[in-house]
Amino acid sequence: PSSVKGLKDYYRDYFPIGVAVSPVALKTDEGQLVLREFNSLTAENAMKMGPIHPRKDQYFWAHADSIAAFARQHKLKLRGHTLCWHNQTPGWLFTDANGQPVSKEELLQRLKDHITTVVNRYKDVIYAWDVVNEVISDKKNEYLRDSRWLQICGEDFIEAAFRYAHEADPKALLFYNDYNEIDPVKRAKIIRLVQSLQQKGVPIHGIGLQAHWAVNEPSFTQLDSTLNEFSATGLQLQITELDISVYRKEHDARRRQSSDADTSFSAEKEALQIQRYKEVFQLFRKYRRQITGITFWNISDRYSWLDNFPVRDRKDHPLLFDTRLQRKSAYEAVVNF
Ligand SMILES: Oc1ccccc1CN[C@@H]1C=C[C@@H](O)[C@H](O)[C@H]1O
């Protein structure tokens, strides 16, 4: 055990501080950094439907098992991500033996089998699940995302996923997880969804705010309003995928090129990032009674999913540790309070 205080120690009286990991990273020097700084894990990819259930009658457990074993060995909390999502799904999921779209009944049965099998395998170590990820549409006048889940099942799959997860592990905390959660229009739709589930008595315990933010958003008041509104649902909140991109967030069409051509981690970008980290953690502490966990998406600037999204092959520097795993100035802004 490291004698040096880490993020988890600074925030011990507030909430667990987690990180999204791959099984490979845990075997390297990044694994040592994880043990010093964090007390909660999320599998970045290993527990998504495609990676863990590649064929209808075949699961691939090795990578998820490796992360679960690390969590058990080091007594870390473990969040499950994610039981029902429209991305990184396996090829077989939505089609029958003849390659035709499956029926609603068949798809719901496949969802139930998947959730029951995966939740049961890790119920000793996973305390919370992102049961459903990203079903709210980003289109202004559309409520639910027009995914194959919605096309085949209608919106019933959403409550079904929560009920299946609760049947498999009645103790697990069940979250609805989404991004662009600071946008007032999307925020209202997320609240409409969770309140409809609450009204039907569906077992749901929390809202996951992915928190994929940037040097230009959220503003202090935008995040304050967001946390205030989500708190009013009475559900617990978690920050589930925090990173702060050094490139300005673009909200126009699916532009894979960015207007922010400067790909250096300039002093000016770093100053903006520091201010943003300072402000968001001020608000996390303000809402400490509603927030039950903060998880960073990826460990250090050595690798971030943002290095290839929304722009391919554009190095980002969104986290608190640099490519040499050293604490950045933003780290000080987060722990000095
Ligand atoms: O910020 C976004 C914009 C458009 C689509 C998805 C997202 C975020 N989507 C997240 C990001 C990375 C994945 O590893 C996570 O599983 C997913 O929840």
Side-chain angles (χ1 to χ4, degrees), residues 18-25 40-53 63-64 67 78-90 118 126 128-140 142 144-150 158 161 174-183 185-187 189-190 193 206-218 223 226 237-258 276 280 293-300 303-312 314 316 318-319:
V19 63
V21 298
S22 67
V24 169
S40 177
L41 299 180
T42 304
E44 181 188 8
N45 288 297
M47 294 191 187
K48 291 170 177 174
M49 299 186 90
I52 205 165
H53 196 175
H63 293 170
I67 292 168
L78 181 59
R79 298 192 80 259
H81 178 83
T82 174
L83 295 172
C84 180
W85 189 26
H86 66 284
N87 262 342
Q88 293 179 257
T89 53
V118 175
I126 287 183
W129 274 102
D130 292 334
V131 176
V132 172
N133 198 32
E134 305 179 355
V135 294
I136 295 297
S137 173
D138 284 315
K139 293 178 183 162
K140 205 153 191 56
E142 188 176 64
L144 297 176
R145 179 187 300 274
D146 185 26
S147 70
R148 278 177 292 179
W149 287 106
L150 189 71
I158 301 170
L174 306 181
F175 281 76
Y176 172 71
N177 195 51
D178 214 328
Y179 66 92
N180 280 353
E181 68 294 301
I182 55 172
D183 175 276
V185 172
K186 189 162 184 183
R187 214 155 81 195
K189 295 181 201 172
I190 292 171
L193 173 64
I207 301 170
L209 292 72
Q210 289 184 14
H212 290 297
W213 296 333
V215 284
N216 62 320
E217 66 173 47
L223 181 54
T226 298
L237 309 181
Q238 290 205 6
I239 303 298
T240 53
E241 307 184 13
L242 178 60
D243 43 31
I244 296 186
S245 174
V246 299
Y247 301 101
R248 298 176 58 75
K249 204 78 162 172
E250 317 261 353
H251 287 291
D252 49 20
R254 309 283 306 160
R255 179 166 35 183
R256 298 293 278 179
Q257 292 312 318
S258 158
R276 190 71 56 204
V280 304
I294 309 278
T295 295
F296 287 85
W297 208 250
N298 303 131
I299 299 166
S300 76
Y303 160 75
S304 165
W305 74 290
L306 295 168
D307 295 339
N308 287 295
F309 185 92
V311 175
R312 249 177 295 286
R314 179 184 69 173
D316 208 330
L319 298 163

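On a predicted model such as this, the values are computed, not experimentally measured, just so you know. Order of appearance sets the numbers: ligands from 1, and atoms from 1 within every ligand.
Where the criterion is an N or O separation shorter than 3.5 Å, residue side chain and backbone included, H81 meets it with respect to ligand 1. Ligand 1 has a nitrogen or oxygen under 3.5 angstrom from a nitrogen or oxygen of E241. Checked by distance only, ligand 1 and E134 come closer than 3.5 Å through their nitrogen or oxygen atoms. Of the N or O atoms in W297, one or more lie within a sub-3.5 Å distance of an N or O in ligand 1.
Ranked by closest heavy atom to atom 14 (O) of ligand 1, the top entry among E44, Q210, K48 is K48.
With 3.5 Å as the limit, one finds a donor-acceptor pair spanning the side chains of Q88 and N45.
Under 4.0 angstrom from ligand 1, there are no non-hydrogen atoms of N45.
Considering F175, W129, W297 in turn, W297 is the only one that fulfils the ring-ring contact (aromatic ring centres under 6.0 Å, His included) rule with H81.
Ring planes of F309 and W305: parallel class, angle under 30° (limits at 30 and 60°).
Near W85, meaning under 4.0 Å from one of its heavy atoms, ligand 1 places the atoms 16 (O), 17 (C). Near H212, with a cut-off below 4.0 Å to any heavy atom, the atoms of ligand 1 are 1 (O), 8 (C), 10 (C), 11 (C).
One N or O on the side chain of K186 and one on the backbone of Y179 form a donor-acceptor pair closer than 3.5 Å. Formation of a donor-acceptor pair under 3.5 Å by the K249 side chain with backbone atoms of P218 is not found in this model.
Residues satisfying the side chain to side chain contact (heavy atoms under 4.5 Å, CB included) test with S245, not counting sequence neighbours, are A214, Y247, L306, D316.
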